Amino acid sequence: MRTMKAAVFVGPGKIILDEKPIPAVVPGAALIKTTTTTICGTDVHILKGEYPVAPGRIIGHEPVGVIAELGEGVTGYTVGQRVIVGAITPCGQCNFCLDGHQPQCGGKAMGGWKFGNTIDGCQTEYVLVPHAMANLAPVPDDLTDEQVLMCPDIMSTGFSGAENGHIKIGDAVVVFAQGPIGLCATAGAKLRGASQIIVVDRVAERMEVAKRLGADIAIDYTKVDPVEEIMRITNGRGVDVSIEALGTQQTFESCLRSLKPGGTLSSLGVYSGKLSLPIDAFAAGLGDHKIVTTLCPGGKERMRRLLNVVASGRVDLEPLVTHRFKLDQIEQAYELFANQRDGVLKVAITP
Ligand SMILES: [Zn+2]
Ligand SMILES: [Zn+2]
């Protein structure tokens, strides 16, 4: 049996480099030889045992690679072609997909998230892509792996926070937390035409990157009360759209308190435990507030659009890649990324 090196979840606190069989190609699927991948905050949740996956599962959901083999029935692609695949791999055929909710494919919440969750992922040398014709997105030759590495998840998720918040030209927007997803939400707010973009974080380097991606004002929440400051900046009006990009009670609540009546809270964070809603900030349910949640949009059409954004130079997310590791060093990469050492934003992993 031919084997490959892979980052494997063994149990809480333990993701190790191990040998796994190279997957056999099945009809409708495609085998991708990974050329570059990365680690996501969600992988850290898995590592810490906060999100359950089966022991033995290969982790990772952000692949850039080349087609190594096509399964029976897969047409329109050629072996050797360079592609990306979204973190979410919808079937493209079920009622939920056809209703525009690819991330909820199959009708189970988050059902479209398969890589490194319900099937083996891509922090390895070869990854089997299900429903290949719904998911393989060819990468233009003149773009590097690192230029497109954010498309499968971080860029798709961050942008969706701005898109589903229905930001209008001229809107005031706040983004709470400027990790990789929050930074992409900031870039998305700029692309959508927001005229005032406020970001809240405490890490100076992240706030600097935020400004390069379109933030007008950065608030350090350790120095001032962010809600008071946002109200001051917006002359007591509040923002039109607030984007939550962390997943805590406090940031959710601050998002709500920063909103104008009739505003939209667009939530991207992954919450745990319980989330409660303060009635005063929610105007007792009569403030015309909208709360929307989004899981990373996937599928080849979403990827095609994001690749176009990169190719056109509308936004440059390459600076988000701050560290590089070989697949052999993946345990080291997890250690750095999970502890947010050395100003890390995203790591590039190459087999
Ligand atoms: Zn992710
Ligand atoms: Zn589906």
Side-chain angles (χ1 to χ4, degrees), residues 1-26 28-65 68-69 71 84-91 102-106 108-132 134-136 149 152-154 156-157 247 270 272 295-296 298 325-338 346-351:
M1 193 193 295
R2 287 163 67 221
T3 62
M4 59 183 187
K5 287 177 197 151
V8 175
F9 174 76
V10 183
K14 219 167 174 195
I15 289 177
I16 62 160
L17 189 71
D18 203 356
E19 290 280 328
K20 285 285 219 175
I22 294 176
V25 182
V26 296
L31 188 68
I32 303 301
K33 186 180 197 307
T34 312
T35 52
T36 308
T37 186
T38 179
I39 300 174
C40 178
T42 308
D43 300 330
V44 175
H45 285 297
I46 292 171
L47 170 67
K48 291 179 177 166
E50 293 162 357
Y51 182 87
V53 303
R57 177 72 68 229
I58 300 173
I59 302 305
H61 51 257
E62 295 153 282
V64 186
E69 207 181 327
I84 57 168
V85 182
I88 300 301
T89 49
C91 74
Q102 289 89 350
Q104 318 304 334
C105 176
K108 204 170 159 274
M110 302 184 283
W113 176 33
K114 299 165 190 174
F115 278 154
N117 180 22
T118 55
I119 64 172
D120 280 334
C122 64
Q123 287 167 12
T124 178
E125 296 171 74
Y126 291 91
V127 59
L128 190 66
V129 180
H131 311 290
N135 287 294
L136 301 179
L149 185 58
D153 184 355
I154 300 305
S156 188
T157 302
V270 182
S272 52
L295 172 61
C296 176
F325 292 92
K326 300 303 285 183
L327 180 60
D328 288 332
Q329 306 167 297
I330 190 107
E331 294 175 29
Q332 240 174 288
Y334 265 99
E335 206 275 330
L336 175 103
F337 186 75
K346 287 289 273 185
V347 298
I349 310 279
T350 48

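Because the structure is predicted, anything quoted here is derived from the model rather than measured. Heavy atoms only: backbone and side chains are in, while hydrogens, waters and symmetry mates are out.
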Should [X] and [Y] count as side-chain neighbours, where that means a heavy-atom distance under 4.5 Å?
X      : Y      : answer
Pro23  : Met4   : yes
Pro63  : Ile32  : no
Leu327 : Thr37  : no
Phe115 : Pro130 : yes
Tyr51  : Val270 : no
Val85  : Pro152 : no
Ile330 : Ile349 : yes
Gln104 : Leu295 : yes

Please report the shortest heavy-atom distance between [X] and [Y], naming the atom on each side.
X      : Y      : answer
Glu125 : Pro351 : CG-CB, 4.1 Å
Ala134 : Cys91  : CB-O, 3.8 Å
Gly65  : Thr35  : CA-OG1, 3.4 Å
Phe325 : Ala333 : CD1-CB, 3.5 Å
Ile88  : Cys296 : CG1-O, 2.9 Å
Val53  : Gly116 : CG1-O, 3.8 Å

message: I'd like to know whether Leu17 forms a side chain to side chain contact (heavy atoms under 4.5 Å, CB included) with Glu331, so could you lay out the CA-CA distance, the side-chain angles of the two residues, the decisive distance to 0.1 Å, and finally the verdict.
response: CA-CA 7 Å; Leu17 189 71; Glu331 294 175 29; 3.8 Å; yes

message: Using the salt bridge (charged side-chain N to carboxylate O under 4.0 Å, His left out) criterion, which residues pair with Lys346? Sequence neighbours excluded.
response: Glu62

message: When you compare the side chains of Asn117 and His61, does any donor N or O come within less than 3.5 Å of an acceptor on the partner?
response: no

query: Quick one: salt bridge (charged side-chain N to carboxylate O under 4.0 Å, His left out) pairs with a partner in residues 41-51, sequence neighbours left out?
result: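 Listed by first then second residue: nothing to list.
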
- prompt: With sequence neighbours left out, which residue pairs that include part of residues 111-122 fulfil the salt bridge (charged side-chain N to carboxylate O under 4.0 Å, His left out) condition?
  reply: Arg57-Asp120

Any chance you could measure [X], atom [atom1], to [Y], atom [atom2], to the nearest 0.5 Å?
X      : Y      : atom1 : atom2 : result
Cys40  : Phe337 : SG    : CZ    : 6.5 Å
Leu136 : His131 : CG    : NE2   : 12.0 Å
Glu69  : Lys33  : CD    : NZ    : 13.5 Å
Ile84  : Asn135 : CD1   : CG    : 11.0 Å

- request: For the pair Thr38 (side chain) and Val347 (backbone), establish whether a donor and an acceptor sit closer than 3.5 Å, ignoring hydrogens and angles.
  value: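 Yes, Thr38 side chain to Val347 backbone: donor-acceptor pair under 3.5 Å.
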
- prompt: Taking everything shown except Lys5 itself, do over 12 heavy atoms lie less than 6.0 Å from its NZ?
  reply: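 No, NZ of Lys5 has 12 or fewer neighbouring heavy atoms, counting only those of other groups under 6.0 Å.
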
- line: From the list Gln123, Lys14, Gln329, side-chain hydrogen bond (donor to acceptor under 3.5 Å, both in side chains) partner of Tyr334 resolves to Gln123

